[in-house]
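Values reported hereafter were calculated over all heavy atoms of this structure, with side chains retained and with hydrogens, waters and symmetry mates removed. Since we're looking at a predicted model, the values are computed, not measured. Lettering follows sequence order; numbering is per chain, from 1.
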Protein chains: 2
Amino acid sequence: MDNQEKQSKEQQILAAAEQEFLTKGYDGARTTSIAQAAGVTHAMLHYYFRTKEQLFERIVDEKFATMSHSMFTILDDPSLPIVERIKGGIAAHFDFIAANPLLPRFVINEIVSRPERYEVLYKRAGFVVNSVYNGLQAEIDRAAERGEIERVDVKMLFISIMSLNIFTFVAYPFMEPIMGELMANREQFLAARKAENIETILRRIKKQ
Amino acid sequence: MDNQEKQSKEQQILAAAEQEFLTKGYDGARTTSIAQAAGVTHAMLHYYFRTKEQLFERIVDEKFATMSHSMFTILDDPSLPIVERIKGGIAAHFDFIAANPLLPRFVINEIVSRPERYEVLYKRAGFVVNSVYNGLQAEIDRAAERGEIERVDVKMLFISIMSLNIFTFVAYPFMEPIMGELMANREQFLAARKAENIETILRRIKKQ
DNA sequence: CTTTGTTCTAACAAAATTGTTAAACAGTAT
DNA sequence: ATACTGTTTAACAATTTTGTTAGAACAAAG
């Protein structure tokens with residue numbers, strides 16, 4: 001058996017499936033279309049992954065892990081002073097989403113259309129997030145007492161950061177055609193948008 | 001012919017279709033399921049709307065109009081001073097999305113999955129948005145020259161406002177389970193979130 | 001060269017989903 | 001009453017999509 005070839009077929013199918021599922025969602029994806037894009041017969045797809053459902057789960061598992069990882073990039077380097085840390089965290093998160101622009105919409109759509117499925121996953125995530133945020137809240141509170149920044153709710157701050165960073169990519173296809181020159185050059189716009197998001201959040205925590 | 005009854009059947013189907021399409025999207029929606037939810041046979045659905053496609057278009061047309069309308073609520077009352085106007089605009093937009101929480105995700109998903117379809121619609125929207133924003137940009141520039149606010153790009157500001165307001169609802173099902181007590185009471189959270197969004201934007205334009 | 005296990009193909013099967021039609025039905029006007 | 005109109009039902013048809021299977025082709029090992 002040629003291990004290279006076998007690997008490659010499976011990988012080809014997975015790559016095609018990822019593209020199809022991320023853009024069209026589970027319902028819109030077609031196993032025949034995935035097989036075609038991967039350059040194999042649709043019987044092969046079933047041979048390797050048995051069902052559409054199982055193939056989908058392979059993608060979902062990876063994407064949920066990636067999404068969850070992306071949220072922790074907001075925490076960034078704990079050794080830096082708080083303002084620098086937040087600044088770096090926003091930038092890191094922005095870059096992460098820029099590298100995975102289809103991810104948030106996919107994850108959100110999944111959770112909306114089949115919430116039951118992810119309940120277990122979520123119970124755990126809740127605990128982790130809570131403990132991590134408690135630590136950061138304490139750090140922010142100390143900085144606020146020293147008068148370095150405004151006292152803010154760290155969860156609210158995180159929602160704002162995620163809103164600003166994620167929405168840029170989720171709504172990109174929606175806004176690009178109506179925003180004219182501002183979004184004409186994607187690279188340029190994303191750089192400007194990243195700076196704008198950082199500025200917006202830093203002003204939010206700035207002591208006045 | 002009983003006009004009341006006829007109206008009501010059509011309305012029942014439309015209402016059920018709206019619910020189904022907004023939550024599941026075109027691909028996930030089933031005509032039989034819509035018919036069942038509306039309390040009619042699926043043949044009736046075809047009698048009134050011929051095809052799934054045509055029924056969907058009825059919903060899409062209305063929803064796109066609503067979405068476009070929602071974006072103009074950000075402009076709010078032109079007679080107010082600029083800061084008050086922006087404040088009111090954010091609040092109005094937030095309330096609008098709160099009343100139509102499924103709208104943005106639906107519209108964005110549609111545009112991502114079938115961009116060709118909305119190209120024409122968009123050419124026009126681009127012009128309108130551009131001229132409206134130019135007017136507001138001039139007003140902001142004047143206020144900045146008077147030293148009332150910071151000079152900002154109005155399109156960037158709009159993207160930030162939409163990000164903060166819309167993401168709250170798009171990602172609600174995603175964040176609710178991991179945010180603990182903060183989001184335990186929906187009403188309370190939304191009120192806090194609205195205030196937070198306004199505060200964030202006002203600080204962004206505040207002269208320092 | 002035969003055996004063995006895996007990969008692959010082509011044809012088929014099953015199910016789900018959308019769409020159609022003929023006929024029954026109800027109300028209204030002639 | 002009769003003919004006419006739009007509405008409704010039930011059964012059916014067509015298509016799409018997913019999933020299965022028998023066996024061919026192939027590579028590796030004895």
*Asks:* Using atom CD1 of Ile34(A) as one end and atom C1' of dT17(D) as the other, report the distance to the nearest whole Å.
*Replies:* 12 Å

*Asks:* Step by step, would you call Val129(B) with Phe158(B) a side chain to side chain contact (heavy atoms under 4.5 Å, CB included)?
*Replies:* CA-CA 11 Å; Val129(B) 167; Phe158(B) 265 62; over 6 Å; no

*Asks:* Let's see if you can work this out: which of dT7(D), dA10(C), dT18(D) has an atom nearest to the side-chain heavy atoms of Tyr48(B)?
*Replies:* dT7(D)

*Asks:* Out of dA11(C), dT17(C), dG19(C), which has the shortest distance to the side chain of His42(A)?
*Replies:* dA11(C)

*Asks:* Any base atoms under 4.0 Å from Ala29(A), or only sugar-phosphate, or nothing? Heavy atoms, all strands.
*Replies:* sugar-phosphate

*Asks:* Nearest whole angstrom, please: distance from the P of dT18(C) to the NE2 of His46(B).
*Replies:* 7 Å

*Asks:* Would you mind reading off the distance between Lys52(A) atom NZ and dT20(D) atom P, rounded to a whole angstrom?
*Replies:* 15 Å

*Asks:* Just checking, any donor-acceptor pair under 3.5 angstrom between side chains of Thr32(B) and Gln36(B)?
*Replies:* no

*Asks:* Is the shortest side-chain N/O distance from Thr41(B) to OP1 or OP2 of dT8(D) below 4.0 Å?
*Replies:* no

*Asks:* Please give, in whole Å, the distance from dT17(C) C1' to Phe49(B) CZ?
*Replies:* 19 Å

*Asks:* Rounded to the nearest angstrom, tell me the gap between atom CG in Asp27(B) and atom P in dT17(C).
*Replies:* 12 Å

*Asks:* Checking Arg114(A) against Tyr26(A): charged group under 6.0 Å from the ring centre and within 45 degrees of the axis?
*Replies:* yes

*Asks:* Looking only at the side chain of Arg30(B) (C-beta and beyond, no hydrogens), which of the listed nucleotides dT18(D), dT18(C), dC8(C) gets closest?
*Replies:* dT18(C)

*Asks:* Looking only at the side chain of Arg50(B) (C-beta and beyond, no hydrogens), which of the listed nucleotides dT20(C), dT18(D), dT18(C) gets closest?
*Replies:* dT20(C)

*Asks:* OP1 or OP2 of dC8(C) versus the side-chain N and O atoms of Tyr47(A): is any pair under 4.0 Å?
*Replies:* no

*Asks:* Find the distance Met44(B):CE to dT9(D):C1' and express it as a whole number of Å.
*Replies:* 9 Å

*Asks:* Can you check the Gln54(A) CD to dT18(D) P distance for me, whole Å?
*Replies:* 15 Å

*Asks:* Counting any heavy atom closer than 4.0 Å, what does Thr32(A) reach on the DNA or RNA strands: base, sugar-phosphate only, or nothing?
*Replies:* base

*Asks:* Using 30° and 60° as the class limits, which term best fits the ring planes of Phe96(A) and His69(A): parallel, tilted or perpendicular?
*Replies:* perpendicular

*Asks:* Can you establish whether the number of heavy atoms outside Arg151(B) located under 6.0 Å from its atom CZ is more than 12?
*Replies:* no

*Asks:* Could you state the atom-to-atom distance from CG of Leu45(B) to P of dA10(D) in whole Å?
*Replies:* 16 Å

